[in-house]
2 protein chains.
Amino acid sequence: MYWGDIVELTKIPVLPKFRGSGEKGVNREPLDEKTFKQMIRAMNLKVTEQRMAILQALHCGRAHVTAQEVYELIGAKDPDIGFATVYRFLRTLTEHSFVTEVRMGGLPARYELTPKAHHDHLTCIQCGKICEFENVEIEKLQERVANQFGFALTSHVLELYGVCSDCQRRKG
Amino acid sequence: MYWGDIVELTKIPVLPKFRGSGEKGVNREPLDEKTFKQMIRAMNLKVTEQRMAILQALHCGRAHVTAQEVYELIGAKDPDIGFATVYRFLRTLTEHSFVTEVRMGGLPARYELTPKAHHDHLTCIQCGKICEFENVEIEKLQERVANQFGFALTSHVLELYGVCSDCQRRKG
DNA sequence: TTGCATGCAAACGGTTTGCAAAACC
DNA sequence: GGTTTTGCAAACCGTTTGCATGCAA
């Protein structure tokens, strides 16, 4: 299985929220200008137009954006911004855990403002749709496995891949 | 969390096998020259010295090797092999699921001969030690989550990160 | 005013590709 | 002899970096 060829992340259409037994919907808290400034200051950095723009882009855009997309989103309004600034700030944000980096295959990294509630991803290998979910039972089991190995668990990455109902219908 | 900075895969010391309730040790079947030829023929490719060498390198080397390492492993004995050949064949092997590609952060991809028994990874963020495990309960729950979203699950990636017992002791 | 932040362009590193020569059947 | 396969080198692409200029504090 070589995801680089199969998954076309540029096609992500929606980010459906799921509500059902065992899982709970992912809630994204509203973020405003003030919050962004706080985030920047918390990292001992200066509040600049560019940094605010990057955070806005992360917030307004699709949940999972590439550095390139952030650059273009900003460039539409404010043409004076460079790659380097975007990459540099995204990296800093990631290092401070304000942003979460997701990499799949050899594709460009995707970023999202770190959600308060942790969640994992379920990706359709046909159309690239990403669903977010959280499952407490799985997390508990992960903890148990780690403990059995004598590990203190710090984090995890769980990515499920499959064919979504739409794509199943389209084929069958 | 930015794994690119934290995990140093070159330091992987061992691949401990775990035996305990709920999990079972990962068994790696012995692979010989004959098996390799079968694999190559199964892909409708010709058996060449280079391809055999690449498979040998994957088999003899550490469980998770980079393309670069494969290239160097072979280069030690048979200097006449190029990057391109290694990359091309690794890609083909991956596409045919004979080899599994693991990417972490922005680091070079690592490859392993696809084990008969599926397993996931538990990685120490201090020393880079990788433990392999399999947990049927987790897999069942994954299936359930996918079904709740209407997905037909095809595969998954589960990577746990933590601090191993040795590193905990070393610090505390 | 002083040092951090920026934009530019060049460098980087892993991976892929085009192509002519070599190996295979 | 026609088709693979290979090695080389150049291209590629996402990302990082060096440096002179610009701007927040």
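Order of the sequence lines sets the chain letters (A, B, ...), proteins ahead of strands, with each chain counted from 1. The structure displayed is predicted, hence computed values, not measured ones.
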> Taking all atoms of both residues into account, what is the closest heavy-atom pair of A:P108 and A:T66, and its distance?
Replying inline: CB-CG2, 4.2 Å

>> So, using side chain to side chain contact (heavy atoms under 4.5 Å, CB included) as the criterion, who are the partners of B:V47 when residues are at least two apart?
In response: B:K37, B:I40, B:R41, B:M52

> With respect to the side chain of A:T85, which nucleotide from D:dT6, C:dC25, C:dG7 is positioned closest?
Replying inline: C:dG7

> Whole-Å distance between C:dA23 C1' and B:M52 CE?
Replying inline: 17 Å

>> Check the phosphate of D:dC23 against A:T48, side-chain N and O only, distance under 4.0 Å to OP1 or OP2. Yes or no?
In response: no

>> Tell me the interatomic distance from B:R51, atom CZ, to D:dT4, atom P, rounded to whole angstroms.
In response: 11 Å

> How about A:E132 and A:H64: do any of their side-chain heavy atoms sit closer than 4.5 Å?
Replying inline: yes

> Considering residues at least two apart in sequence or located in another chain, which fulfil the side chain to side chain contact (heavy atoms under 4.5 Å, CB included) criterion with B:F98?
Replying inline: B:M39, B:A42, B:M43, B:L93, B:H96

> Want to settle it: does B:T66 or A:L45 sit nearer the 5' end of DNA chain C, counting the closest nucleotide to each?
Replying inline: A:L45

Below 3.5 Å is the cut-off: list the nitrogen or oxygen pairs between protein and nucleotides 17-21 of chain C, distance only.
unit_1, atom_1, unit_2, atom_2, d
C:dG18, O6, B:R88, NH1, 3.4

> Roughly, in whole Å, what's the span from CZ in A:R110 to C1' in D:dG14?
Replying inline: 13 Å

> Between atom CD1 in B:I74 and atom C1' in D:dT6, what is the gap in whole Å?
Replying inline: 13 Å

> Could you state the CZ-C1' distance from A:R103 to C:dG14, rounded to the nearest angstrom?
Replying inline: 12 Å

> Over how many whole Å does the gap from B:I54 atom CD1 to D:dT5 atom P extend?
Replying inline: 12 Å

> Below 4.5 Å, heavy atoms only, C-beta onward: do B:R144 and B:K140 meet side chain to side chain?
Replying inline: no

>> Measure CD/B:E101 against P/C:dT15 and give the value in whole Å, please.
In response: 8 Å

> With respect to the phosphate group of D:dT15, does any side-chain polar atom (N or O) of A:Q68 fall under 4.0 Å of OP1 or OP2?
Replying inline: no

> Does a side-chain heavy-atom distance below 4.5 Å link B:L160 with A:F149?
Replying inline: no

> Going through the checks in order, is the side-chain contact (heavy atoms from CB on, under 4.5 Å) test met by B:T100 and B:H119?
Replying inline: CA-CA 11 Å; B:T100 305; B:H119 66 254; over 6 Å; no

> Counting side-chain heavy atoms from C-beta on, which of C:dA5, C:dG14, D:dT4 comes nearest to A:K46?
Replying inline: C:dA5

>> How many whole angstroms separate atom CD of B:E69 from atom P of C:dT15?
In response: 11 Å

